[in-house]
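Comments concern the structure below.
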Amino acid sequence: MKEKMKSNNALKIAVIGGGASGLTAAIFAAREAKKIGKNVKVTVYEGNSRIGKKILVTGNGRCNFTNENISSVNYHGETALAQSICEKFTNEDVKEFFCSLGLFSKSDFAGRVYPMSNQATAVLDALRFELIRLGIEEVTDTKIVSLKKDSHGFILNERYHCDKCIIATGGKAAPVQGSDGSGFILLKDFGIEVSSLLPALTPIVCEDFTKSLKGIRAQGKISIKCGGKLLSEDTGEIQYTDYGLSGIPSMQVSRFVSGTLNVNKTDVFAFVDSCPFFTADELKSALLTIIKNNPSLPGEMLLSGIMPKRLGMTLLSECSVNPSKNIGIIHDAVLDRIVSAVKNKKYKVTAVKGFNDAQVTSGGIVGKEINFDTLELKKVKGIYVCGEIVDVDGDCGGYNLQWAWSSGAAAGINSVRGFDKCFV
Ligand SMILES: Cc1cc2nc3c(=O)[nH]c(=O)nc-3n(C[C@H](O)[C@H](O)[C@H](O)COP(=O)(O)OP(=O)(O)OC[C@H]3O[C@@H](n4cnc5c(N)ncnc54)[C@H](O)[C@@H]3O)c2cc1C
């Protein structure tokens, strides 16, 4: 009976969206309430049948949950907001937070941090059990489709009352995981400005792409140019598909492709360097040495010590090199063509893959709508926002989840502290 009364009198915080940022917001709201002795009931409303579905597919099922090197240069959109929030709950704080939940981490050569178990499920389980420990209610299979303000707070779906509301519905990327952009619709009636929403961290589509390359994974550098101007470049493992380029380098440059194609439908090119370890001169001299030392080798062998054989064969056939004829007959002009094909293969870019294939959304609630200290909306006191719904997106490498954890923690803590300001 006493417990019931306590719960009836509790101030209610509703978190809309049980993804990375929403779960963190719920945990930090409940922890803050305990810390300052406030009677607060936190409830997470999730449209899917279970929380954290997207966390399970991150990092190819391994969940690259932060990076050892977090800097504003890794963020786009409202970079000042990203920097200030990520400085308050840093990558070290994230590791410590998960460590306190029993989840240890390890990092790779690029500073990408993963659970020691290499399993994204471990991250979700850690969050799930902390929710239970803190008595946070999960209401699943409940998509919030309306959010109205009344004199006491807010009403969700004409049914659930709350005093404060944290919107953590994600953006529009990967809608199969639940983030279908419905959070933006909830905010429409409040007149909140949202910048253009575009898919980011997504594969790029090239005109007349050589289908036989499909399935190849090879080290390389992708440079995106428009009107001869370099827009972006990245080096790493390129994944060749039947429509174009995927893999981390393609994802990293894709936001510049979609941004440019959005205003200029033509004239965007991807240049692939399939041997970034050598300059063009070094490559030519290495090939000359191979030819000089082994003139009777068949053409198909010329590039096989440098890149996957199938990729090399395709590039050589585009330079009219006969795979079965001796490399000794290759003359200088053909060798220059080979070097150019390896170092600077040009593809016309026609599109990027859409939200279904994107890892993240570029664009979202603009900074001027948000109080940078608390993540509360300036126009609607009592609504806080966090995660991908805000106009912040990060590079590939753990930066997006870092933003989700940091902004979730900030929204959660401030939603509880805000009670003293607004509702006493
Ligand atoms: C395939 C893939 C791999 C990725 N890998 C990485 C990685 O390794 N590292 C990294 O840093 N980032 C990665 N990301 C990006 C990262 O997962 C997201 O940026 C991050 O999850 C965003 O968190 P969020 O809480 O803002 O949104 P989400 O994780 O999208 O969560 C939003 C939640 O809200 C729910 N929801 C939406 N609308 C409503 C509504 N109206 N009512 C109720 N519930 C609603 C959704 O069902 C969802 O559960 C990856 C993304 C994808 C798609």
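Order of appearance sets the numbers: ligands from 1, and atoms from 1 within every ligand.
Judged by a 6.0 Å distance limit and a 45° cone about the ring axis, K225 is positioned over the six-membered ring of F271. Cation-pi contact between K346 and F269: present, with separation from the ring centre below 6.0 Å and deviation from the ring axis of at most 45°. Cation-pi geometry between R112 and F109 is satisfied (NZ or CZ under 6.0 Å from the ring centre, within 45° of the ring normal).
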Show me a pair-per-line table, with atom names and distances to 0.1 Å, of protein N or O atoms that are under 3.5 Å from an N or O of ligand 1.
{"residue": "ligand 1", "atom": "5 (N)", "partner": "G59", "partner atom": "N", "Å": "3.2"}
{"residue": "ligand 1", "atom": "8 (O)", "partner": "G59", "partner atom": "N", "Å": "2.9"}
{"residue": "ligand 1", "atom": "8 (O)", "partner": "N64", "partner atom": "N", "Å": "3.4"}
{"residue": "ligand 1", "atom": "9 (N)", "partner": "N64", "partner atom": "O", "Å": "2.9"}
{"residue": "ligand 1", "atom": "11 (O)", "partner": "G398", "partner atom": "O", "Å": "3.4"}
{"residue": "ligand 1", "atom": "11 (O)", "partner": "N400", "partner atom": "N", "Å": "3.3"}
{"residue": "ligand 1", "atom": "11 (O)", "partner": "L401", "partner atom": "N", "Å": "2.7"}
{"residue": "ligand 1", "atom": "19 (O)", "partner": "E388", "partner atom": "OE1", "Å": "2.8"}
{"residue": "ligand 1", "atom": "25 (O)", "partner": "A20", "partner atom": "N", "Å": "3.3"}
{"residue": "ligand 1", "atom": "25 (O)", "partner": "S21", "partner atom": "N", "Å": "2.9"}
{"residue": "ligand 1", "atom": "25 (O)", "partner": "S21", "partner atom": "OG", "Å": "2.8"}
{"residue": "ligand 1", "atom": "26 (O)", "partner": "S21", "partner atom": "OG", "Å": "3.4"}
{"residue": "ligand 1", "atom": "26 (O)", "partner": "E388", "partner atom": "N", "Å": "2.8"}
{"residue": "ligand 1", "atom": "30 (O)", "partner": "K54", "partner atom": "NZ", "Å": "2.7"}
{"residue": "ligand 1", "atom": "38 (N)", "partner": "S182", "partner atom": "OG", "Å": "3.1"}
{"residue": "ligand 1", "atom": "41 (N)", "partner": "I144", "partner atom": "O", "Å": "2.9"}
{"residue": "ligand 1", "atom": "41 (N)", "partner": "S182", "partner atom": "OG", "Å": "2.9"}
{"residue": "ligand 1", "atom": "42 (N)", "partner": "I144", "partner atom": "N", "Å": "2.8"}
{"residue": "ligand 1", "atom": "44 (N)", "partner": "G47", "partner atom": "N", "Å": "3.0"}
{"residue": "ligand 1", "atom": "47 (O)", "partner": "E46", "partner atom": "OE2", "Å": "2.6"}
{"residue": "ligand 1", "atom": "47 (O)", "partner": "N48", "partner atom": "ND2", "Å": "3.3"}
{"residue": "ligand 1", "atom": "49 (O)", "partner": "E46", "partner atom": "OE1", "Å": "2.7"}
{"residue": "ligand 1", "atom": "49 (O)", "partner": "E46", "partner atom": "OE2", "Å": "3.2"}

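The existence of a salt bridge linking K38 and E32 is excluded, since no basic side-chain nitrogen approaches an acidic carboxylate oxygen closer than 4.0 Å. The residues E46 and K143 are annotated as not salt-bridged, no charged nitrogen and carboxylate oxygen being separated by less than 4.0 angstrom. Contact check on E369 versus K378 returns no salt bridge, with no Lys/Arg side-chain nitrogen under 4.0 Å from an Asp/Glu carboxylate oxygen.
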